[in-house]
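Notes follow the structure.
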Protein chains: 2
Amino acid sequence: MKKQSVTIYTVAREARVSMATVSRVVNGNPNVKPETRKKVLEVIKELNYRPNAVARGLASKKTTTVGVVIPSVTNDYFARLALGIDDIASMYKYNMILTNSDADDGKALQVVRSMMAKQVDGIIFMGHDITPELQTEFENSTIPVVVAGSMTNDADLATVRIDYRKATQEATTYLLEHEAKKVALVIGSQLTTVNKDFRIPGYQAALEAAGVAFDDGLIFEAHDSYSEGYELAETIKNAGVDAAFVSDDGIAAGLLNGLTDLGVDVPGEFQLITGNDTKLAEVTRPMLTSITQPLYDIGAVSMRLLTKLMNGDQEESQEATTIEGSSIILNHGFVKRQTTH
Amino acid sequence: MKKQSVTIYTVAREARVSMATVSRVVNGNPNVKPETRKKVLEVIKELNYRPNAVARGLASKKTTTVGVVIPSVTNDYFARLALGIDDIASMYKYNMILTNSDADDGKALQVVRSMMAKQVDGIIFMGHDITPELQTEFENSTIPVVVAGSMTNDADLATVRIDYRKATQEATTYLLEHEAKKVALVIGSQLTTVNKDFRIPGYQAALEAAGVAFDDGLIFEAHDSYSEGYELAETIKNAGVDAAFVSDDGIAAGLLNGLTDLGVDVPGEFQLITGNDTKLAEVTRPMLTSITQPLYDIGAVSMRLLTKLMNGDQEESQEATTIEGSSIILNHGFVKRQTTH
DNA sequence: CTGAAAGCGCTTACAG
DNA sequence: CTGAAAGCGCTTACAG
């Protein structure tokens, strides 16, 4: 339709006011005489004026966009978090720049740098441990970052998550109390903070309480894919294991189907509990008994926390959640389905 | 570390050159004497200078960010497309602003406007038919948009997808040729362009070729959720249907599990083919026979097309794909798994 | 309640 | 190969 883009200057000229006044009405500043506002609004409508957010960002040093780094959108666990983030972001008029890190340290660093170059007002980080370079990047920057639905080795970062230690302990205890003799733990890397300092200790605590000796040969590593879980079935079966707590649903689903295809009766001969509370857990047959997590809420609370941090608010603590340092711990649950007694 | 942010001006001062020169080396302009470039690069490194992309965007009128509207990140079909988009975007140094439209027309319009205000260089749209308002928005704008993995009522929009008509026809024909007597079609809304003009005609063509009368009572609507598919099982069973082609995997998985729970033997008494080639199809037991789609590629090709459009290139046509108007049609496939004979 | 002016941090002709 | 200057489209004190 129009070639020349209409700017705040055009509006000011047509409305016979200054650019400052147009800026005021656009930004809802109350210090504008009603009739002036009315006139300006008319011209804006007539000209179909749309403020240029880039110019606004440069002048105000606020872009109303946040960066979100996600290991993979294709993992339903993270996708559900992202949905919660996006909804709250929209509610607060923020846009999100979303980038996959592919769980690759180099990519994560590059992605964060790119977001910072774009002057995002804050960052939500999903993923596991971070490199010293990325840590430095976060420290040297003044923009707030919150870690959502995961943990990193950087204890200074605010995080929103469940209590992974307790969840793992409960799942393990459940298995032990339901006739399981040899309970395996299936996680990602054992060296990662969330596993090393939370899941494994939770698993060990459950064993100890039940008077069962810890055997590190019963900890299996698998990364987030269905096929790795499927292939793990044979190994885990040969290890004489009769139950497992699996942190990731994709792996749990693969393991379940792998075991079934091997002729193992689940839950008759093998019990299984999964940990991410993804849709997958209800699609498999038998359906997976699971730790439940408020996935959407974890995303939503993360974004909410970030808005507070971006506005320089103090972190509040009135909610029905626990705060540990800079962490917000949401409650998890447990649902018995068909892969356990 | 540093309070004052270092700008191009700081670098220019320290390197004893003009801002224009610094700009040239940052942007890889070859017209810079090697020793000058070296000096500038040193200062940049020393000061840890990072160009401000917002300022650059304002000055150059290019933001190197694209907008991506997605019905739901939580649907693996769209998530896979988004992954392809993101990878190619990263390759070309673009960032993506990703927003869920929740398949809500009002939200989609608002989201697109917000992206345009942020001066994105292009838009990738996923979703079904669009409102006149959104259509107007696209028309009045000069930024390119490509529709990925879906179809809209706006034939002017470039789109990258498979041939939905042919895929539906093939699936239906397969069923008909494998003892199915009464084949249902399970889709979203019948009024949507992709269904009205492609899937339903494909279904009809298959019936006709097999000499089977068309019965519109055999077209069932369900939207993209597992539970709706599950609940559909009883209805579809009571309709005396013995086979179905389902466009969405979530619905297909729900339908499959619903039928199984009703005591219907799949594929013995009921055959099923699904259409989105999502991970879900391999997780269910029995595994779902499916139309296969190059999901990642659809996303990747969409983003590649968009980069060409953003650079004002002509659309090329040398690839192993069909071009229909402004559409790029990628090849689909078929994989027989366990829900068909 | 309103306006003039400077400034945000870059790029882009233009001139040399 | 390099620099001076204008300009991108806003917001932000400041003054009145």
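Below, chain A is the first sequence line, B the second, and so on; all start at residue 1.
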Interface with DNA chain D, restricted to residues 32-41 of chain B and to heavy atoms under 4.0 Å: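 Contacts with DNA chain D under 4.0 Å: Val32(B), Lys33(B), Thr36(B).
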Any donor-acceptor N or O pair under 3.5 Å, side chains Asn140(B), Thr136(B):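 The answer is no; no qualifying pair exists.
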Donor-acceptor pair between Arg80(B) and Asn75(B) side chains, under 3.5 angstrom: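 No, because no side-chain N or O of Arg80(B) sits under 3.5 Å from a partner of the opposite role on Asn75(B).
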Hey, is the main chain of [Y] close enough, under 3.5 Å, to the side chain of [X] for a donor-acceptor pair?
X: Ser141(A); Y: Glu137(A); answer: no
X: Asn29(B); Y: Asn31(B); answer: yes
X: Thr21(B); Y: Val17(B); answer: no
X: Asn27(A); Y: Ser23(A); answer: yes
X: Asp76(A); Y: Ala79(A); answer: no

B/S/- contact track for nucleotides 8-16 of chain D, protein heavy atom under 4.0 Å: BBBBB----
Residue matched to dG16(C) through Watson-Crick or wobble contacts both under 3.5 angstrom: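 By the stated definition (distances under 3.5 Å), dC1(D) pairs with dG16(C).
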Taking only distance into account, with no hydrogens and no angle test, what donor-acceptor pairs under 3.5 Å do side-chain atoms of residues 120-130 of chain A form with protein atoms, sequence neighbours excluded?
unit_1, atom_1, unit_2, atom_2, d
Asp121(A), OD1, Thr63(A), N, 3.1
Asp121(A), OD1, Thr63(A), OG1, 3.4
Asp121(A), OD2, Thr63(A), N, 3.2
Asp121(A), OD2, Thr64(A), N, 2.7
Asp129(A), OD1, Asn153(A), N, 3.3
Asp129(A), OD1, Thr193(A), N, 3.4
Asp129(A), OD1, Thr193(A), OG1, 3.1
Asp129(A), OD2, Thr193(A), N, 3.1
Asp129(A), OD2, Thr193(A), OG1, 3.2

Atom-to-atom span, CZ of Arg13(B) to P of dG3(D) - whole angstrom: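 Computing the Arg13(B):CZ to dG3(D):P distance gives 15 Å.
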Phosphate OP1/OP2 of dG3(D): any Thr21(B) side-chain N/O under 4.0 Å: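 Thr21(B) to dG3(D) OP1/OP2: side-chain N or O found under 4.0 Å.
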